[in-house]
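I have placed the structure first, in the form of structure tokens, so that the comments after it can refer back to it.
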Amino acid sequence: QVHLAESGGGLVQAGGSLRVSCTFSGSTFLNYVVGWFRQAPGKEREFVATISRGSANTDYADSVKGRFTISRDNAKNTVYLQMDSLKDEDTAVYYCAATSRSWAYITRNDYNYWGQGIRVTVSS
């Protein structure tokens with residue numbers, strides 16, 4: 001059974017940086033596309049970023065382009081989300097999610113394995 005565990009969240013000042021990690025277990029990591037989503041208080045969960053199996057392809061929400069970077073280390077079964085120039089509106093619970101669907105056909109509804117989430121709070 002696939003298991004995802006987020007770590008690295010916390011409190012950071014606006015303009016600062018934070019890196020969150022997602023550790024994957026229970027299956028062959030290289031077979032999965034992994035993404036990050038977030039849910040702010042009172043709002044629906046939204047897509048943040050995703051990365052293909054071999055890291056050749058990435059995709060970002062417009063709201064984080066140029067500020068966030070997703071990467072993965074297949075030797076460590078881990079995906080990272082480096083968040084720079086953080087804003088108040090980045091405050092949310094961040095979730096990593098995985099799907100075995102092919103990158104070419106993937107939609108944001110295809111992620112069927114989810115972590116428990118980790119809180120990121122940006123203070124101004």
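What you are looking at is a predicted structure, and each value in this text was computed from that prediction instead of being measured.
Geometrically, R72 engages F29 in a cation-pi contact, judged by NZ or CZ lying under 6.0 Å from the ring centre and within 45° of the ring axis.
When every heavy atom of S17 is checked against every heavy atom of V12, the shortest pair comes out as O-CG2, 3.6 Å. Between T99 and R101, the shortest heavy-atom distance links the atoms OG1-N, 3.1 Å. R67 and L86 make their closest contact through NH1-CA, 3.9 Å (heavy atoms, listed as atom of the first residue, atom of the second, distance).
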Expected list for residues 35-54: side-chain donor-acceptor pairs under 3.5 angstrom, two or more places apart:
unit_1	atom_1	unit_2	atom_2	d
R38	NE	E46	OE2	2.6
R38	NH1	D90	OD1	2.9
R38	NH1	Y94	OH	3.0
R38	NH2	E46	OE2	3.2
Q39	NE2	K43	O	3.0
T50	OG1	V34	O	3.1
T50	OG1	Y111	OH	2.6
S52	OG	A56	N	3.3
S52	OG	N57	N	2.9
S52	OG	N57	O	3.3
R53	NE	N31	O	3.2
R53	NH2	S100	O	2.6

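Hydrophobic cluster membership differs between V93 and F68, with clusters built from Ile, Leu, Val, Met, Phe, Trp and Tyr side chains linked at under 4.5 angstrom. Hydrophobic clustering (ILVMFWY, side-chain heavy atoms < 4.5 Å, transitive): Y80 and L4 are in distinct clusters. Both Y60 and V122 are members of a single hydrophobic cluster when ILVMFWY side chains are connected at heavy-atom separations under 4.5 Å. Hydrophobic clustering of Ile, Leu, Val, Met, Phe, Trp and Tyr side chains at less than 4.5 Å, counting indirect connections, keeps V20 apart from W114. Linking Ile, Leu, Val, Met, Phe, Trp and Tyr whenever their side-chain heavy atoms come within less than 4.5 Å puts V2 and I118 in one cluster.
Aromatic ring centroids of Y32 and F24 lie under 6.0 Å apart.
Although no hydrogens or angles enter the test, the distance criterion places no donor-acceptor pair under 3.5 Å between the side chain of Q82 and the main chain of T69. In this structure, T78 contributes its side chain and K76 its backbone to a donor-acceptor pair below 3.5 Å.
Between atom OG1 of residue T121 and atom CD of residue Q13 there is a gap of 13.0 Å, rounded to the nearest 0.5 Å. The CZ atom of R19 lies 7.0 Å from the OG atom of S71; values are rounded to the nearest 0.5 Å.
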Exercise for review: Could you check V120 against M83 for side-chain contact (heavy atoms from CB on, under 4.5 Å), going step by step and ending with a plain yes or no?
Suggested key: CA-CA 10 Å; V120 172; M83 302 182 287; 4.0 Å; yes
Exercise for review: Starting from the C-alpha separation in whole Å, work towards a yes-or-no answer on side-chain contact (heavy atoms from CB on, under 4.5 Å) for L11 and S123.
Suggested key: CA-CA 7 Å; L11 176 65; S123 65; 4.1 Å; yes
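By the ring-ring contact (aromatic ring centres under 6.0 Å, His included) test, Y113 is found to be paired with no residue, residues two or more places apart in sequence or in another chain being considered.
Classification of R108 and D59 as a salt-bridged pair holds, one side-chain N sitting under 4.0 Å from a carboxylate O.
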